[in-house]
Amino acid sequence: MKYADVVIVGGGPAGLAAAVRLYDMGIRDILILEREHSLGGILRQCIHDGFGLTRFGVSLSGPEYASRFIREVEKRQIPYITDTTVIEITRDKLVTAAGEAGLLQVQAKAVILTMGCRERTRGALAIPGTRPAGVMTAGVAQAYINLQNRMIGKEVVILGSGDIGMIMARRLTLEGAHVIAVFEVMSVASGLPRNIEQCLNDYGIPLYLSHTVTDIRGTDRLESVVISQVDDHMQPIPGTEKEYKCDTLILSVGLIPENELTIGAGAALDDHTKGALVDEFYQTEVPGIFAAGNVLHVHDLVDFVSMEAETLAEGAAAYVREGSLPACPVPVTAGDNVGHALPQKVSGERDFLLSLRPRRPLENVTLKVTQGEKAILTRKLKKVLPAEMIQLKIKKEKLSGEGSINVSIS
Amino acid sequence: MQREFTCIVCPNGCRITADYEKKEDGSLVIQSVEGQTCRRGEEYVRQELTDPRRTIATSVAVRAGEMPLASVRLTAPVPKKDIFRVMEAIRGITLEAPVKEGTVILSKVLGYDADLIVTRSVDKA
Amino acid sequence: MIYDAAVIGAGVVGCAVARELSRWDLKILVLEKELDVATGNSSRNTGMLHAGFTYKTGSLKAECAVEGNREFDKVAAELSIPFRRTGKLVVGFTDHDRENILKFKENGERNGVEGIRMLETRAEIEAIEPYAGGNFAMYVPSSGILDPMQYTIALAENASKNGAAFCFGAGVTAIDRQEEEDLYILHTGRGDFSSRWVINCAGAFSPMISAMLGYPEYYQKGFKGEYYVLDKKAGKYLSIPVYPAPNDKGGFATHATPTVDGNILVGPDSYLTEGREDYANRKDRLDGLFRDGSTMFHQMKRDYFIRNFAGIRWKNCDEKTGEVLDFILEADPQKPHTVNLVGIESPGVTCALPLARRAVQKITERQKAEGSPLSQNVSFDPCRKVLRRFSEMTMEERQKAIEKNPDYGQIVCRCENVSRAEILEAIHNPLGVHTLTGIKNRTRSMMGRCNGGYCQTRITKMLEEELGLAPEDIRYQRENGVIFTGKVRGEA
């Protein structure tokens, strides 16, 4: 058995940022465990640019963004092991991983969960129809095209207006495929407006809102999909069916934090984020186990993933030094028009960063953070979108320390 | 005339409205630009009205590498109408491993002030 | 090459027949139209080892189910397949339910099903399964659960090990009889094959093959049923199959069944279909199944959805009355050297080996009667060995396994914890199957909650590398089910 102050599970943008910040705060006994052959996580396949505008002030591709952090890790000689998959984390922070050298067991003082997320699948949505080849998630298509040099189709329909789906619409078009359309079951796009502009509109790819796939046809390779318009309850409207001939259906229908290890460690999850319940230190309900990035809640920008992990590192460093962190008895709740708010509890005695996602698109609204009757923060916003996470700095001076904190949009 | 834009400069995606007039000689006189939350938004709209430009990110083949592809991107946007011409130019390129991140593979692509650079190092297999 | 026996169809029955035939010194060929075994209804079912309490006494269904049930511990051990004798609960609420349940109890006892008993109190039910509903229940201890795909694969691999040849992509399009040579010529998508004996195990297509052999094209009705597969996270809520009381016709409504791998199956519903391979899921049916399933299994949550599938029970029926008839197993000397198995539907998985033995017996008896008795295959080995699954090992066993074989330390599929060692074993399977679903069904990779989002790209790469396949040769499941249309960048 090995010992380490901190074990970081996952060497993607969150894990790497946490490692660098921990090191710079004087915590040196760190081990990053990564299941892939190299560090970088999902950024390795995100070759489009637009990363890093907030964190670095320049527009980088995914691999470049990752390599900035990898270089920092290398420079500090922070230990990491690749090709090694963590298979179990206990409540006592014993981490077990499998690699070619055998099972690796590390007893950590603190564990940082940065496993990222997975894509929602056809099965999870129970999309009807046959099961031919040619139906895959946007991330799988992206890995094939950008990492493995494999082309996955010629006539493409995309279900879901998630960012990766739109990015892949452009990517496929550049590589000679014909993207017929993007269909979104909701009445509003789930990805960022800039991606609708630069990935769809630029290439004349139509986006149909309130439409979904109601049948998949073809026995061997996909032959067509049937698209129906949906009503306000997202139920298909009979008579609106239209068949589109295609050989490929790409799904970009949502991301789900990858929390099997978290559950195994005994940390409770939030029903809305599908990530762990955390306090302002990004500590889960299991003391000494922390989570940040897409494993905690799905972000729209990697810059915020890194920055969240850097904040986490401060809490984790304090935990390693002190053996515990201040109690966080003040609940934070999501009110009107707020899908979820994070952290779910705070100490009430420190500044903290409040992250939230609006439930639906609204214009000219007021965002209110209150504690009991007291207004802590009020902000007028021209527009809010579910696709855009909102982050607010909450100052400790405003907090009274009593009663739950509520955030609402109206 | 009035046109609406979704700014693509940063993830905020501001909705910007521009009022402009088209002169007989084809040139534009922009009267107002509203809705942006930063200076780059206005620049974007002015550019978009006169000469819309985009960057490209894609891959080039790598021979004898640990990976079959190296990702690449343009360092500056090129006119939108030339995107597929640039893709054609990129398609023909094959690099020999090892390939280093940041290496310029094509400078002044199609004569524009944009280079094609490698965005991921690929070691020898 | 002239074969002694050609089995048409590599479903569970065809593979069981091939395996039982391989006990004899015969040149055996299995012809399968798809690219793997068990792609049809053999795998599209609940995976129950039935006890045999629902079938008409004296029927082939009842006789073979009871026989197949009794021997299955030995079969599972021989073939190294996962199997659990869970027992089954049939729960009721009303006096009417009780009447219908008791009818089954009596029928089961007549059929020779052992150990059936009534549980009269909630406490008795909860002692067996706390999450089961019902005020009273019938407990059938001999029912069990298995993975019908693993079972069929195991039968086929064991047959292959004992000398049977498998030819995939070889759908039989016509059969000619050459009387002088006492041979059948089977025309297939992979060319012509000659064989002395032909055994029809064509499942959904058995009436068509039946007609090609000169038997009637038996009338059948297709009872289609759809399923949800739920996440293993829901598995803890159900340890034993719990069925609602049967209706007056003896049919079961939608129910929930644990799988031997720890998932939950919800389904099947039942409706008629005409399409022999109409395996598509339908939106209205899935919606209905979700509603019905939620009343039976309270943990039926969308968050647990892994995937859906459908299967069809092609039942022999009386064309006039519609009455459901028994399995057909016949060998008419007027159609020399043929065995005809038609309408083998539920409980076909349980009955596969007993049916296979009966089919083989017809062949051995006929050979004897003709004065050329068969000799035994002296090197027959009933056992099949497989690598142990990483996911089922203790930490100590894992450590030892990786020390011996480092590929065990590479987790390829994260949801199901499938190692590279297991994937490699599947890629180099003895049947030569190299479809993506073939790897999936052999290893459980891509079967978890991410549906292969993480591992699929790694597995297709391994398939290319290990077998030297071109990208265009990688298929999902069927002949034209290519995954790739080419490369993004050609090599200069």
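Just so you know, these numbers use all the heavy atoms, side chains as well, and skip hydrogens, waters and symmetry mates. A note on names: the letters A, B, ... follow the listed sequences, proteins ahead of strands, and every chain is numbered from 1.
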Item to complete: For A:L60 and B:R73, run side-chain contact (heavy atoms from CB on, under 4.5 Å): C-alpha distance rounded to whole Å, both residues' side-chain angles, the deciding distance at 0.1 Å, then the answer.
Response: CA-CA 9 Å; A:L60 302 168; B:R73 69 172 169 92; 4.0 Å; yes
Item to complete: Quick one: do B:S59 and A:I47 satisfy side-chain contact (heavy atoms from CB on, under 4.5 Å)? Show the steps, please.
Response: CA-CA 8 Å; B:S59 301; A:I47 65 167; 3.6 Å; yes
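The candidate from B:C10, B:A70, B:G102, B:G13 with the greatest count of non-hydrogen atom pairs under 4.5 Å with chain A is B:C10. Interface check for chain B: of the options A:L301, A:D202, A:D303, the most heavy-atom pairs under 4.5 Å are formed by A:D202.
Residues of residues 188-199 of chain A placed with any heavy atom under 4.5 Å of a heavy atom in chain B are listed by number as A:L192, A:P193, A:R194, A:E197, A:Q198. Heavy-atom neighbours of chain B within the stretch residues 169-178 of chain A, taken at a separation under 4.5 angstrom, comprise A:R171, A:T173, A:L174, A:E175. Near-neighbour residues of residues 24-49 of chain B relative to chain A, defined by a heavy atom under 4.5 Å from a heavy atom of that chain, comprise B:G35, B:R40, B:Y44. Of all residues in residues 117-125 of chain B, those placing a non-hydrogen atom less than 4.5 angstrom from a non-hydrogen atom of chain A are B:I117, B:T119, B:R120.
Open room surrounds NZ on B:K22; 12 or fewer heavy atoms of other groups in view lie less than 6.0 Å from it. In this structure, A:Q77 places its CD atom where only 12 or fewer heavy-atom neighbours from other residues, nucleotides or ligands lie under 6.0 Å away. The environment of CZ in B:F5 is crowded: more than 12 heavy-atom neighbours from other residues, nucleotides or ligands sit within 6.0 Å. Other residues, nucleotides and ligands contribute at most 12 non-hydrogen atoms within 6.0 Å of the NZ atom of A:K154. Annotation for B:K100: atom NZ does not count as buried by contact number, only 12 or fewer foreign heavy atoms lying within 6.0 Å. Around CZ of A:R76, the count of heavy atoms belonging to other residues, nucleotides or ligands within 6.0 Å exceeds 12.
Contact of B:C7 with chain A is made through the backbone alone, with heavy-atom distances under 4.5 Å. When heavy atoms are compared at a cutoff of 4.5 Å, B:T55 approaches chain A solely by way of its side chain, counted from C-beta outward. Within the 4.5 angstrom heavy-atom criterion, atoms from both the backbone and the side chain of A:E64 approach chain B. There is no contact between B:I90 and chain A, counting heavy-atom distances below 4.5 Å. Only the side chain of A:Y203 comes within contact range of chain B, with at least one heavy atom under 4.5 Å from a heavy atom of that chain.
Between atom CD of residue A:Q45 and atom CG of residue B:L69 there is a gap of 12.5 Å, rounded to the nearest 0.5 Å. We find the NE2-CE distance between A:H37 and B:M67 to be 11.0 Å, quoted to the nearest 0.5 Å.
At a threshold of 4.5 Å between non-hydrogen side-chain atoms, the residues B:E101 and A:S67 count as touching. A 4.5 Å side-chain heavy-atom check between A:N146 and B:S71 finds every atom pair outside the cut-off.
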